[in-house]
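To start, the structure under review is shown below, and the notes come after it.
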Amino acid sequence: MKLKYRKLQSAVRCALLSTSAIAAMHSGVAFAEEETGAESNEKIEKIAVVGSRAAPRSIGSSPVPVDIIGGDELGKSGNTDMLEAIKGTVPSFNVHSNPISDAATLVRPANLRGLPSDSTLVLLNGKRRHRASVIAFLGGGINDGAQGPDISVIPSIALKQVEVLRDGAAAQYGSDAIAGVMNFVLKDASEGGTLEVRHGQYYEGDGDSTQIAGNIGLPFTDDGFANFSFQYKNADATSRSVQRPDAAGFIEAGVPDVPDPAQIWGSPEINDDITLFGNIGLELSNDDEFYLFGNYSERDVRGGFYYRNPHTRPGVYSNDGGETLLVGDLTGDMSGNCPTNIQIDDNVLDNPEFINGVLNNPDCFAFNELIPGGFTPNFGGNIVDTSITAGVKGEFSDGIFAGWFYDASASVGYNASRYFIYNTVNASLGPDTPRDFSPGKYEQLEKTFNYDMSKLFDWGLYDDVNVAGGLEWREETFSVISGDEASFEVGPLTDQGFSIGSNGFPGFQPSQAGEFTRRNYAAYIDLETLFTEDFLMGFALRYEDYDSFGSTTNYKVTAHYTINDMFSLRGSVSTGFRAPTVGQANVSNVQTNLSSGVLVDSALLPPTNPISVQLGGQELQPEESSNYTLGAVYENGDFFMTVDYYNIDVEDRISQSDKIELSAADKQTLKQAGVPNVDQLAQVSFFTNDFDTTTRGVDVVANYSADLLGGSSTFSAAYNWNETEVTRFSEITGAFKVDRLENDLPKHRATFTWSQDWESVSGFIRANYFGEYQGVHVDYDATAKMADASFTFDAELTYHVNDNIGLSVGAQNMFDEEGEPLDFADQAGLPNNTWGGKFYETSPYGFNGGYYYVKASYTF
């Protein structure tokens, strides 16, 4: 054990204490046999990024649990989305498909250990990754209002491995690390490369996707490397839809131009999804090294939205629930003598009053003339993500800091989401309305500077103490850019009851636009040593100060005790925090959502807006957490197993409030505050620190390798039990949100994988288990029901034509396990096809069914 720890110290020293090396130190490292000379140095360089494809996914010498997922393993998943690839290997990681979920359709939020996406810190090569500009306003309950990084832009072909630290780590890395840390380690080879082409389709015959990806390693002078990766893909939309009964009734009544299906429930269309990653390293001297890495990514996404009924849609067709038709007078002086009491029956187009008073009267207008069958907007966006990190790390060879290792770096990350909404109207413009709009843009810009140092000290203990310390400065800016004028324009029919702005997503007005910035700095110290041959402990303390809400101090204590050569115990106790994002504190937005099954417009306002304050809002404060884990590691020959229990208490969790019905007085206050389209608003919500939770669970990971069936076999099993209890909440949170937090995710998840390698053939088969979960549709409590547990299976078979060429065929959900069918006729008293979908949208394995693919790869 002492020899192993001295190797850990050497690895940390050789890696020059970059943040990734700190991650390695706290995650545990798998070591090869001790060697000497140049060969030993080569091994140490490989150690710096923790583990390898051949090693167990969880490292046994770690005081806290960590999963190590090799780049090759990610590539075998058959999935072109990094979120789905990780979900297949880490059972405590969940991600939903998101039909009709506004911005959550563009950047899907994920959950580690049952907490929202912005409770997991994401690193790239050990450096903090910037968050996305997208705020998930409709995040399926758990992620409502979450603003985490966009993991999907990272291609598996660019990765050497992914490290998933399943433990609170705010004392080491700062905000967002309540649930854990995910470190994406880029390839650093200076030669060779890979080119892949992949094509797949769902069993239903839709969702075709094609991906081309490549990686190449080049020498950067004689003392460095330059490794570059690219990925380009397109994916068609899917549809798991049925015709809505209201739309079917219109078709039967002879209403023209009614789509069939009127509304698409499915995955969005993704076009021109391109991403470029680069990773460069250069040895400047025997003691110093320069590094540079970053990315540029861009994609266009377009998905479905809710159908606008041509008899009932407020502000467009009717303002009294479909009793009478909304008719506009185009004369400007109200001299058109337009009818105001046209009764709506099965087909208002056949009504003589409509024909005579509107259709044949050029001074009068109703949208049934222009769009008789109703309309279904499409919501989409252009997402741009880019970053660059540069730094120098090395060892001071003389002076007062002689023997200290250092790492100085600067990072800039930028994410922008330009929103589009198609096939809709600005009703207040009447017949002159455009049909497509750009409602505006969100931007997220983050700048980070780090300086870390480390040195070994002999304090008379059993072994030297590794002392690490550092400083960090960050600036985070969230910007709102106004939309095109037509998307928010107040048209001439406004005073006659027609809604303002692009229907479904009114544009951001110039008065809403602006930049919102926050700065913070941090200092930390970290100690780790062996107190005996078998007992390792680590201590971390971090202080952070924000120019908005003030300061916070957090600690972490870890321990690892080796009982014998096969069995050891480990654990940690820590505190943590998550700062509210600048976007959460300042964003305002108007969106269309279903409330109790009825389509309404609701406004999200800053928590300090006067109407928010009137309803209970106040300035956001950081979430605070306490976290402890206790685990055991068993290793016997080729068998490896870890069991870890965790408990996470989070106080003052940040989320969107429940949507609160607006009174006439509330609307007047909103008008005075400059909120657009107030008369059409039914509800308002805001971000709030309004509830506490306790999340507890168990992770079990087991691996076994053997020579079987004339080849090499690896068996991997992983299981997660996770349960969240809301221990405090108020009416602002709402009982249904509590129910979703506690029940939407399955409490039990497991995977079992058998991988087999022969000389010219290799493959794997994986079984995935998803326990019972709460099925919810259109965010409506009356639709909720417990859905059955399910199994899905994935498989891939590869034929190696030669050392360079491989041909693969595979399938995800190979037995076409469908999502849970909608069944809320008894609960809601409505037909299951009321909103046009087939399956509950909270299915943990999606709703698209089986997917098959073929792949060709060339390695050089």
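Bear in mind that the values here come from a model prediction, so they are computed numbers and not experimental data.
Listed for the Asp484 side chain is a donor-acceptor partner under 3.5 Å among the backbone atoms of Ser487. The backbone N or O of Ala253 sits nowhere less than 3.5 Å from a side-chain atom of Asp346 that would complete a donor-acceptor pair.
Listed by chain and residue number, Arg131 satisfy the salt bridge (Lys or Arg N to Asp or Glu O under 4.0 Å) test with Glu446 (two or more places apart in sequence, or in another chain). Judged as a side-chain contact (heavy atoms from CB on, under 4.5 Å), and not counting sequence neighbours, the contacts of Gln774 are Asp739, Arg740, Asn743, Asp744, Val776, Ala784, Met786. Partners of Asn503 by side chain to side chain donor-acceptor pair (under 3.5 Å), not counting sequence neighbours, listed by chain and number: Arg308, Arg313. Residues passing the salt bridge (Lys or Arg N to Asp or Glu O under 4.0 Å) test with Glu443 are Lys441, sequence neighbours excluded. With sequence neighbours excluded, the residues forming a side-chain contact (heavy atoms from CB on, under 4.5 Å) with Ser612 are Leu605, Asn609, Phe686, listed by chain and number. Not a single side chain to side chain donor-acceptor pair (under 3.5 Å) links Glu489 to another residue, sequence neighbours left out. Not counting sequence neighbours, the partners of Asp329 by the side-chain contact (heavy atoms from CB on, under 4.5 Å) test are Thr331, Met334, Cys338, Gln496. Residues that satisfy the side-chain contact (heavy atoms from CB on, under 4.5 Å) test with Ser655, not counting sequence neighbours, are Asp144, Phe691, Lys737. Under the salt bridge (Lys or Arg N to Asp or Glu O under 4.0 Å) criterion, Asp273 pairs with no residue, sequence neighbours left out. Scored by the salt bridge (Lys or Arg N to Asp or Glu O under 4.0 Å) test, Asp436 finds no partners at all (sequence neighbours excluded).
Side-chain contact check for Asp300 and Asn382: at least one donor-acceptor pair (N or O, by modelled atom type) lies under 3.5 Å.
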Report task. Go through the steps for Glu298 and Tyr296 under the test side chain to side chain donor-acceptor pair (under 3.5 Å), then give the verdict. Result -> CA-CA 7 Å; Glu298 184 174 3; Tyr296 176 83; 2.6 Å; yes

**Report entry** Chi angles and distances behind the side chain to side chain donor-acceptor pair (under 3.5 Å) call for Ser417, Tyr419
**Finding:** CA-CA 6 Å; Ser417 48; Tyr419 298 118; 3.3 Å; yes

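Sorted by first and then second residue, the salt bridge (Lys or Arg N to Asp or Glu O under 4.0 Å) pairs with a member in residues 419-431 form an empty list; sequence neighbours excluded. Residue pairs meeting the side chain to side chain donor-acceptor pair (under 3.5 Å) criterion with at least one member in residues 234-245, sequence neighbours excluded: Asp206-Arg240, Tyr232-Asn234, Thr238-Asn848, Ser239-Ser241, Gln243-Asp260, Arg244-Asp246, Arg244-Gln263.
In this structure, Phe498 and Phe367 have tilted ring planes: the angle between them lies in the 30° to 60° band.
Looking at Val255, Leu349, Val316, Val327 one by one, the single match for side chain to side chain contact (heavy atoms under 4.5 Å, CB included) with Asn368 turns out to be Leu349. Each of Arg108, Arg299, Arg129 was checked for a salt bridge (Lys or Arg N to Asp or Glu O under 4.0 Å) with Asp150, and the lone residue meeting it is Arg299.
Less than 6.0 angstrom separates the ring centroid of Tyr851 from the ring centroid of Tyr202.
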